[in-house]
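Right, I'll just put the structure down here and ask away after.
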Amino acid sequence: MEEVKQQLELLSRYGVECVIVGGVAAALHGSSIPTYDLDVCYARNPANLEKLAAALQTVHARLRGAPEDIPFILDAETLRRGLNFTFNTNIGSLDLLGEVRGIGYYEDVLVGSMTYELFGYQFAVIEIGKLIVAKRTAGRAKDLIAIPELEAIQERQLMDR
């Protein structure tokens, strides 16, 4: 979890507009399934892409799974031309989603999100119903395994209202 803390501090320090999605969001909602990386959906406006590129450069972000000899220029223009990126950094794995399948872009993910204070910083976290849709749409085994627990958490939240 130390890596996630460092990643959240980095994003906050650079003022990156993002919503926490994926396993960390599931854990914040109460999931017991462990997660080992941070997934965020980021705003794609020019100012935010500049902030994001600057933040990533400081932690020597490299494309995960890409051969080391493939040229990759990490700047706002590259982020603008792409959409979803998976990086290895000096502070762990970081997945940046310009679009969350089944939900949409940053603005769509942000609607209904909850704000959590994490390590002294405020972060938007995807609403649990949207997280369930995103995991179902992704269809990966690790996502499908998480759905029953997330649905039970959502049901409990609805009953507690």
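For the single chain, residues carry numbers from 1 onward in sequence order. Just so it is clear, the values below take in all heavy atoms, side chains as well, and ignore hydrogens, waters and symmetry mates.
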Discussion item. Under a 3.5 Å threshold, yes or no: a donor from one side chain and an acceptor from the other, between Ser113 and Glu127?
Written reply: no
Discussion item. Please tell me whether Val40 and Val24 are part of a single hydrophobic cluster in this structure, the criterion being side-chain heavy atoms less than 4.5 Å apart.
Written reply: yes
Item to complete: Verify the cluster assignment for Tyr121 and Ile20: are they in a single hydrophobic cluster under the rule of side-chain heavy atoms below 4.5 Å apart?
Response: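 Tyr121 clusters together with Ile20.
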Discussion item. Among Leu56, Asn45, Val16, exactly one meets side chain to side chain contact (heavy atoms under 4.5 Å, CB included) together with Lys51. Which residue is that?
Written reply: Val16
Worksheet item: Is Ile153 linked to Val21 within one hydrophobic cluster, defined over Ile, Leu, Val, Met, Phe, Trp and Tyr using a side-chain heavy-atom separation of less than 4.5 Å?
Response: yes
Worksheet entry | Heavy-atom pair of closest approach, residues Cys41 and Val109 | SG-CG2, 3.9 Å
Discussion item. Counting only heavy atoms from other residues, nucleotides and ligands, does the tally under 6.0 Å from CD of Glu2 exceed 12?
Written reply: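 It does: Glu2 CD has more than 12 such atoms within range.
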Worksheet entry | Electrostatic pair Lys130:Asp108 at N-O distance under 4.0 angstrom | no
Discussion item. I'd like to know whether the aromatic ring centres of Phe85 and Phe87 sit less than 6.0 Å apart in this structure.
Written reply: yes
Item to complete: Apply side chain to side chain contact (heavy atoms under 4.5 Å, CB included) to Glu155 and Asp160, showing your working.
Response: CA-CA 9 Å; Glu155 188 175 317; Asp160 289 346; over 6 Å; no
Discussion item. Can you tell me if Leu158 has over 12 outside heavy atoms packed within less than 6.0 Å of its CG?
Written reply: yes
Practice prompt. Taking all heavy atoms of Glu149 and all of Ser31, pick out the closest pair and write down the distance.
Written response: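 Nearest heavy atoms, Glu149 then Ser31: OE1-OG, 2.7 Å.
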Discussion item. Which heavy atom of Arg44 sits nearest to which heavy atom of Gly82, and what is that distance?
Written reply: NH2-O, 3.0 Å
Worksheet item: So do Gln154 and Ile132 actually touch side chain to side chain, heavy atoms under 4.5 Å?
Response: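 Yes - at least one pair of side-chain heavy atoms lies under 4.5 Å apart.
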Discussion item. Between His29 and Val125, is there a side-chain heavy-atom distance shorter than 4.5 Å?
Written reply: yes
Worksheet entry | Taking every non-hydrogen atom, the tightest pair across Ala134 and Ile103 |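 It is CB-CG1, 4.2 Å.
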Discussion item. Please determine whether residues Leu38 and Leu52 belong to a single hydrophobic cluster, defined as Ile, Leu, Val, Met, Phe, Trp and Tyr linked transitively by side-chain heavy-atom distances below 4.5 Å.
Written reply: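 Yes.
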Worksheet entry | Residues, nucleotides or ligands: over 12 heavy atoms within 6.0 Å of Tyr105 OH | no
Practice prompt. Treating Ile, Leu, Val, Met, Phe, Trp and Tyr as nodes and any side-chain heavy-atom pair under 4.5 angstrom as an edge, say whether Leu150 and Met114 lie in one connected cluster.
Written response: no
